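Remarks on the structure that follows.
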Amino acid sequence: MRHRTRIAVGPVQFRIGSDWAPPIAALKRLYAGYPRDTDRPADATVRLFAARPWRRWLRPSVHIGGDFIVPDALPLPLSMGLLAAEMGMNLQVALGWRRHMLLHASAVAKDGRAVILSGESGSGKSTLAALLGEGDWRLMGDEFTLVDPGSGDALAFPRAVSLKNEAIAEVEARVDPARLGPLLAGTPKGDIRHLIPRADAIAAMHEPVRPALLLFPRFGGEPAIERIGEGEAFVRLTEASTNYIALGEAGFAALTRLVRDTPAFTISYPDSASGMTIVEQLWTEAVR
Amino acid sequence: MADPFYRAAGEGELRIEPLGELTAIFDRRSMQTHLVTQPIPEILAALEKGPGDAATLAARLADRFDLDGEGDAVAIVADRLAELAAMGLVEPA
């Protein structure tokens with residue numbers, strides 16, 4: 001394709017091509033501090049393309065393609081090309097990755113142990129991980145966490161954090177503006193602004209971490225913590241994994257081990273501050 | 001009509017992992033995961049001793065369960081066996 005770049009996020013090497021320059025330029029800026037290893041073959045390919053040649057210029061609309069596609073996905077306007085790239089990267093990993101069990105979860109780590117936060121969009125998992133990652137935690141990822149079926153370790157996937165709506169102001173107030181991408185207002189997912197993870201989180205992205213805590217956050221309501229059993233955690237994580245079925249028995253074994261070895265809790269919290277307090281409290285008890 | 005006889009899956013065909021109150025069963029033939037509760041794992045274990053119908057299995061399970069009335073126990077086991085057969089975890093003998 002006319003414009004292209006390579007990005008390595010955790011163990012995944014992306015090849016991204018685009019009919020337009022701006023999405024690639026935006027990606028290059030967000031991922032400038034990531035290690036580059038262009039000799040390695042790409043694991044996943046993302047293509048941002050115009051449905052018809054003239055649509056590169058006339059009301060340009062970005063279609064998302066690659067090794068895997070969503071047939072009915074609507075194209076995005078060029079101003080949201082960065083979001084299209086992010087969606088394409090997520091899609092390729094969610095549908096194509098087989099080397100690890102993929103959990104739709106954010107994660108942070110400290111002292112070689114990980115807290116995995118699994119939840120739907122709106123659960124606040126991304127915001128909590130981003131905010132913890134600005135403190136004394138290492139951000140492992142805001143969207144996907146990988147689990148090595150062999151060792152049971154968690155692996156980071158620290159893509160640029162996708163901050164949404166209220167989370168944008170909350171993070172803007174704490175970080176150097178140079179670490180923020182452009183504001184993408186009024187996207188199908190609301191307002192979005194990307195946060196470049198801290199340099200130490202990117203530098204440590206290949207270091208595996210033993211899971212210490214499994215949390216299922218829910219944003220809203222009074223602060224609450226509830227311990228859940230291995231069976232319930234197993235069910236929730238099969239639903240949170242995009243490749244559990246594809247992995248077959250390796251996925252079954254990995255998940256069984258994860259829920260047996262890792263205490264799991266549902267947590268509710270009315271705001272980020274109380275969410276972070278709960279995570280710190282459970283962490284202290286888990287690693288004691 | 002007499003209750004049908006069932007036999008357990010072949011050796012190594014199921015991987016059974018207790019997870020607290022639930023038990024996860026991975027069927028290596030279908031690659032499917034089943035999550036079951038008591039008394040399903042116990043029925044599968046009782047079938048390991050050889051094929052049987054609901055009455056035979058209820059008798060084998062009687063040692064482990066405090067079942068009210070033998071008739072109810074047989075009916076419960078018969079229902080669960082039918083479910084297990086539908087899931088492919090036991091087979092008609």
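Keep in mind that what you see is a predicted model, and the values were worked out from it rather than measured. Note on naming: letters A, B, ... go to the chains in the order of the sequence lines (proteins, then strands), and numbering restarts at 1 for each one.
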Open item on the list: For B/Pro18 versus A/Glu230, what's the shortest heavy-atom pair and its separation?
Closed with: O-OE1, 4.2 Å

Open item on the list: Can you tell me how far apart CG (A/Leu255) and CG (B/Leu19) are? Round to the nearest 0.5 Å.
Closed with: 8.5 Å

Open item on the list: So, taking the atom named CD in A/Glu232 and the one named CG in B/Leu22, what distance separates them when rounded to the nearest 0.5 Å?
Closed with: 8.5 Å

TODO: Tell me, for A/Ala233 versus chain B, whether the close heavy atoms (under 4.5 Å) come from the side chain, the backbone, both or neither.
DONE: neither

If you count every heavy atom of other residues, nucleotides or ligands that lies below 6.0 Å from [X] atom [atom1], does the total exceed 12?
X	atom1	answer
B/Glu11	CD	no
A/Arg210	CZ	no
A/Glu120	CD	no
A/Ile245	CD1	no

Open item on the list: Between B/Glu17 and chain A, with a heavy-atom cut-off of 4.5 Å, which part of the residue counts as in contact: side chain, backbone, both or neither?
Closed with: both

- [ ] Using modelled atom types only, decide if a donor and an acceptor are shared between the side chain of B/Arg28 and the backbone of A/Glu249 within a distance under 3.5 Å.
- [x] no

Open item on the list: Between B/Thr33 and A/Phe234, is there a side-chain heavy-atom distance shorter than 4.5 Å?
Closed with: yes

